[in-house]
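Below is one structure, written out as structure tokens; the observations come after it.
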Amino acid sequence: MKKKAAFCLTLALVFSFAGCGGPTPGPGLPASAEPPSVLAEAEPPEAPLSASTGGSSDEISSAEEAPPPVQPPEEDAAVVPDPLDQVEEAPETVPTEASPAPESAAGSGESRSAWTQGDQRTFLEIREDMVKSAAAFREVNPDTVGWLYLGGTTIDSPVFQVEDNTYYLKHNDYKAEDVNGAIVSDFRNRLTGRDSQSQNLVLYAHSKDENPDGGVEASREFEHFTELKRYQKKDYCLAHPYFLFAAGEESMVFEVFAAFHTKTSFVYNIPDPSRSQMEAILAEAKKKSLFDFGVEVTADDRIMTLSTCCRRIVPTYPNGYRFVVMGRLVEKGRPLEYENRTVTENPTALSPWNIYE
């Protein structure tokens, strides 16, 4: 376990609708330093990226590069079963250590948790390391298609994709059978670059706890998307408005615009929706969202959807309930803003105690 975690140190949702997650990856940010305004795709300043929202920041100006328009299919995309509902209940016991990474991929020995909490790399270094980490892990496991990083969490992990969405919900990063699974990219996702990839990249992963601070520390790495539920707290949303995903030779920034609980009757895991499907997904996500993030998103944008289990009402699994976070792909050259952000309670939000009638 330590060697696998160390690998992440050195080199740096698949819960669709079947249980708790699906395929795709990311990293974490320190909570102490003040964040500068940085460019989404241009070279950022040398100061380390921070999870703080206070303090002043240097302005970086750059002409925004308009992405090519998305060409959605003319007909509605077919609906497929949610993989998180197709895997068995994970045991409550603390999982055993996963298969170790080969020595060539091992790092200095620090745990992933220690690294993400004390990461002092610059924003550019984090993004470069994500690309390198994904490429290196692909040598260990050829099913690796990317890397996911969420600031202030232990989610700094490879993402896998195979034709069976449930496979990596039942196997770990090294293909060993493991009820805790890994982070899964929906098999329909096209990971062909920011300007041609699927309009809605869907990732899945399990979570075993409704409290992102709960659980046994030694098992945190196995709870993949448990810390996704930090987006249920306003303070965390303000401090971490972005998450990162790397695929191929590029890393991308996604700006969170919705975080919500839902039944799987809301079909949000469609990688290539028609325009009408995309409009319906965005409208329902913003209606259900716990917060209004003040982020404008349209049916012409590309997004990423991170999906995991929700056990707040029904503790057994699978149960057909989800917690979902969605982010909008940030254009190249657009400054990333941490100051003067607004995150307000959404009066139309569907909370855990009123959505399960």
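Residue indices begin at 1 and follow the sequence shown.
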Ring center gap for F257 and F293 short of 6.0 angstrom: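 No; F293 has its ring centre 6.0 Å or more from that of F257.
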
Main-chain N/O of R322 paired to H261 side chain as donor or acceptor, under 3.5 Å: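 Side chain of H261 to backbone of R322, a donor-acceptor pair under 3.5 Å: no, none is there.
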
Test item: N165 side-chain N/O and F187 main-chain N/O as donor-acceptor pair under 3.5 Å: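 Confirmed, N165 side chain pairs with F187 backbone.
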
Check ion pair [X]-[Y] (N to O, under 4.0 angstrom):
| X | Y | answer |
| --- | --- | --- |
| R328 | E331 | yes |
| D195 | R302 | no |
| K233 | D235 | no |
| E279 | R275 | yes |

Test item: side-chain donor near acceptor, [X] and [Y], under 3.5 Å:
| X | Y | result |
| --- | --- | --- |
| N200 | T305 | yes |
| Y168 | D143 | yes |
| T144 | R138 | no |
| D173 | N141 | no |

Test: R341 cationic atom under 6.0 Å from Y242 six-membered ring centre, within 45° of axis: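 Yes; both conditions hold, so R341 lies above the ring face of Y242.
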
Worked verdict on T308 versus S207 for side chain to side chain donor-acceptor pair (under 3.5 Å): CA-CA 6 Å; T308 194; S207 65; 3.1 Å; yes

Provide the closest heavy-atom pair for [X] versus [Y] in the form atom of the first, atom of the second, distance.
| X | Y | result |
| --- | --- | --- |
| Q197 | F254 | NE2-CZ, 4.3 Å |
| V253 | L244 | CG2-CD2, 3.6 Å |
| V131 | G248 | CG1-O, 3.6 Å |
| V267 | I281 | O-CG1, 3.8 Å |
| A285 | A258 | O-CB, 3.9 Å |
| F123 | L336 | CZ-CD1, 3.6 Å |

Side chain to side chain donor-acceptor pair (under 3.5 Å) between N189 and S198, intermediate numbers included: CA-CA 6 Å; N189 285 341; S198 291; 4.7 Å; no

Residue list, side-chain hydrogen bond (donor to acceptor under 3.5 Å, both in side chains) with R190, at least two apart or on another chain: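 With neighbours one apart ignored, the set is D272.
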
